[in-house]
Amino acid sequence: MLNQLTISELTGKLAKKESSAREAIQACLDQIQKVDGQIHAFLSYDAADALAQADAADKALASGATHSQQPLLGVPIAIKDVLAVKNHPLNCASKILGKFISPYDGTVIEKLKAAGAIVFGRLNMDEFAMGSSTENSAFGPTHNPWDIARIPGGSSGGSAAAVAADECIATLGTDTGGSIRQPAALCGCVGLKPTYGRVSRYGLVAFASSLDQIGPFTKDVRDSATLLEVMSGVDHRDSTSVPQPVPRYHSALTGDIKGLKIGLPKEYMIGGLDPQVNAAVQAAVQQLQKLGAEVVEISLPHTDYAVATYYIVATAEASANLARFDGIRYGARVDGKDPIELYSNTRGAGFGPEVKRRIILGTYVLSSGYYDAYYLRAQKVRTLIRQDFLKAFEKVDAIVTPTTPTAAFKIGEKSDDPLQMYLSDIFTISCNLAGICGLSLPCGFTTNPKLPIGLQLLGKPFGEETILKIAHAYEQSTNWHKERPLLKI
Amino acid sequence: MEYEAVIGLETHVQLKTKSKMWCGCANEFGAPPNTNVCPVCLGMPGVLPVANDEGLRLTVLTGYLLHCTIPRFAKFDRKNYFYPDAPKNYQVTQYDKPSTANGYLDFEFNGGMSRVRITRAHLEEDVGKNFHFDRNSGVDFNRAGVPLLEIVSEPDITSPDMAYAYLNALKDVLVYGGVSDCDMEKGMVRCDVNISVRPKGQKELGAKIEIKNMNSFSGARKALEYEIPRQIEVLTKGGKLSQETRRWDDVANITETMRSKEQAHDYRYFPEPDLMPFEPTEAWLEEVSKRVVELPLARKQRFMVDYELPAPDAETFVNDVPLGDYFEKAVASAKNRKAIANWVINNLRAKITETQIPLAEVKVKPNDIPELVALVDNGKISSKIAQDVFAEMFTSGDSPAQIVEKKGLAQVSDTGAIEKLCDEAIAANPKSVEDYKAGKVAALNSLKGQVMKLSKGKANPALVGEILEKKLKA
């Protein structure tokens, strides 16, 4: 089945003309037909458009185009509903955007298209990427392919579930506080959050501008490297993108991690950590040692303040970022007798409860009289958290932690308790505050029920090569990534 | 009790860039509504701003022109408020770390010099323009994202007239410096006024009242002329003033309450995360400083001192910079500067107006003007002939000496030749001779005119008079 393949497997077949891009996208569309009724990873997709892109790729392949020129030629890649794709719907899983169709391609989408990818589908998410379970989608939750009674994680739950359920070869998501790594862990795939500034944010509908990054969901580490290389690089349309050369990430995938130093932060071994998750992570650490890495205990002393800091910085930025959704220029409008009433009606009807909660929180922390106590202080703590990591990285090449404290929880289990929900990002949030890179990959399963467990690797700023190298070596010495959920069809 | 006014101004000026501040759309007035727009300036989901370098340069240039310090670290902030003309519902501006600070503007006022200190000039973005129709409203976003400089003065202004003089002087500096065209009609300059009154001699300031919605400098003056007595009247009647924002109604010519302090916006400023702080390098600043030009007042003073010109002449050369530059080239090595100024202002400028030939294409070379003046001063040609010579210089581009030579216009001072012409005139006009001898002195002028005519204007008029008198009295 072509939809089950990785990027490298599929491009191998396409290059040898054993399969066509049309067959590949058709296999994905068939799988979506079969399973997405229970998964609900996709909000929408345009099959005709996807097939036309596949035909164009096949034509290019027939006339001699190669994957060394276009590494994604003929590869179907689905997109989180927060990234702008020209002429595709752009809803951010919210009602407020109405029937909005993006008039432009984001930079990453342009790069994907230039690399020959079949860019298709809109993947479900928490509304405006606010959430950890994809239950906050205005269009209904996504279900975890390993147990459809459970959440897939979030906010990029659709992106993770689509890869896990083989509805696609790879997908794109975004990560503001763990929104790639957490669902990747809970669905058993590889999710990478690049260093802040590595990938252009132009075309990413901002939740928290200083924290957001776009990253790939893939079935193995090699694919993650492939996509990162295509996506990365400075962009004249994003002032926060960094003019750092883009390495050939594949060349880092040697399997040799002898002598690398990996830090184990003592602050991450907390009480709330599920024993099965803990055991899987400990076993993974031993495996890394077996592969020749040196594991040392490190300290990230300001870890305790990360969640609070995050919910001040992120909501403050969000309160301004989401102000533009007002019913004046585009999207849904609920009229009123004056502009203020129009805004209230439109935003009252258009935003879901979690989005409203965060806008209110963000408005509050920026308010006159509270700014210094909340926003300004949070920025200072953020600097301390970044310094924790930079100091740690003087001693180690990478840091290893669990990605999440528990495996996937049940739909509805935490939806009435925002604080419990916020704590499910406890291991992933610091990475965004520090602006460093992080990756989650499968490191085992719980038993009864069988649910994936994720291992998180954190790297230095622009240290993606190192974490990809370690992740690749680990993955190749285990079989976790080969396991597939058993979907009832 | 006598009261005094304390006035500060916030002036918004559109910068003269080709494109908008954060995107590549044209910065252009008068295009059909919503044609100079793109996803960025419309605030579409997912877009990001990228700073226009020329906008940053013009901001710093203004700082130099207003004698400001230029901090080596500036940043952008978001100012949050909802209004239909604001595409993002926040305005990108500079809050606590502006690009320029602590300057001043000197200007002529009340026959002397005044100085108003400039608190800061910070860069922000303009918003769209709302239009109201019978049944609905529309927004034109062509203006949204145009770079806007907010120039904030210290409360150093004491009267409506001084405010007016300050605004005009500021405009002169900005237009002169190439920062903005400051075209009022096109809304390129707007200003808000902060005004309070206090008993003369009191140190503490009165309640600050902001007035908005003046769309001209004279509107600002009128608003102040209304507002100052209003505030004084409230106080003298025992009332109290409190901080508020008022709107100027330019039809009724009154100010009215817009919002009180309690209703004041909380703009919730915070650093704009989509833009990096602006940290200019020394080399970059050096490039900008090369664009600093001489300011109108300084130029006027220099022309008056260096060339000993009267104020009106100096002002002419301030208002018409190319003409002033031309004068400076003409006057370089010459002595009779006033005469050169007269030729440039009265003759050259008149010819330019008459022929519509731009100064850059005028054939008269600057160093031909002092040559012409010297010909008159040395008695080589009469000032009347000089007019003809200049006309010829303007059409042919030849030097005055060449023209005088070619056309034989040199003044005749040969006594023999003039005596001959005088004899001819006396013989031909017995009536005038009779009149003169009968005591009518004016008759001499008539004879003089005849001689000049016979000489085709070339005879030295002084010499003609002398010889005629001698002959008639003989």
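In what follows, every chain begins at residue 1, and chains take the letters A, B, ... in the order their sequences are listed.
Annotation for A:R201 and B:P273: closest pair NH2-O, 4.2 Å, computed over non-hydrogen atoms. When all heavy atoms are compared, the tightest approach of A:R324 to B:G43 is CD-O, 3.3 Å.
For the set B:P271, B:C23, B:A86, the count of heavy-atom pairs under 4.5 angstrom toward chain A peaks at B:P271. Between chain B and the options A:A84, A:G203, A:S210, A:G106, heavy-atom pairs under 4.5 Å are most frequent for A:G203. Ranked by heavy-atom pairs under 4.5 Å with chain A, the first of B:L275, B:V139, B:V50 is B:V50. The choice from A:S209, A:G331, A:A323, A:S200 that makes the most heavy-atom pairs within less than 4.5 Å of chain B is A:A323. Of the listed residues A:S367, A:G369, A:P339, the one with more heavy-atom pairs under 4.5 angstrom with chain B than any other is A:S367. Among A:L83, A:V82, A:N321, the residue making the largest number of heavy-atom pairs under 4.5 Å with chain B is A:N321.
For the atom pair CG (A:D238) and CE (B:M276), the distance works out to 9.5 Å, reported to the nearest 0.5 Å.
Heavy-atom neighbours of A:K113 NZ from other residues, nucleotides or ligands within 6.0 Å: above the threshold of 12. Crowding of A:K356 atom NZ: a count of heavy atoms from other residues, nucleotides or ligands under 6.0 Å exceeding 12. For B:K129, the NZ atom counts as loosely surrounded, since its 6.0 Å shell holds 12 or fewer non-hydrogen atoms of other residues, nucleotides or ligands. Within 6.0 Å of the OH atom in B:Y269, the count of heavy atoms belonging to other residues, nucleotides or ligands exceeds 12.
Neither the backbone nor the side chain of A:F128 comes within contact range of chain B, judged by heavy atoms closer than 4.5 Å. With a 4.5 angstrom heavy-atom cutoff, B:D274 touches chain A via backbone and side-chain atoms both. Within the 4.5 angstrom heavy-atom criterion, only side-chain atoms of A:I328, from C-beta onward, approach chain B. Residue A:A316 touches chain B through its backbone alone, counting heavy-atom pairs closer than 4.5 Å.
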Residues 95-102 of chain A side chain polar contacts: donor-acceptor under 3.5 Å, at least two apart:
residue, atom, partner, partner atom, Å
A:S102, OG, A:Y104, N, 3.2
A:S102, OG, A:Y104, O, 2.6

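A 4.5 Å side-chain heavy-atom check between A:Y202 and B:V40 finds at least one atom pair inside the cut-off. Taking 4.5 Å as the limit, every side-chain heavy atom of A:S368 sits out of range of all side-chain heavy atoms of B:Y267. A:R237 places none of its side-chain heavy atoms less than 4.5 Å from the side chain of B:L48.
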Test side chain to side chain contact (heavy atoms under 4.5 Å, CB included) applied to A:T363 and B:R268, step by step: CA-CA 8 Å; A:T363 304; B:R268 305 190 308 278; 3.5 Å; yes
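Judged by distance alone, with hydrogens and angles left aside, the side-chain atoms of A:S239 form a donor-acceptor pair with the main-chain N or O of B:P49 at under 3.5 Å. With hydrogens and angles disregarded, a donor-acceptor distance shorter than 3.5 Å links the side chain of A:R329 to the backbone of B:P87.
Under the ring-ring contact (aromatic ring centres under 6.0 Å, His included) test applied with B:F270, the options A:Y370, A:Y375, A:Y371, A:Y374 reduce to a single match, A:Y375.
Classified by interplanar angle (parallel below 30°, tilted 30° to 60°, perpendicular above 60°), the ring pair A:Y343/B:F82 is tilted.
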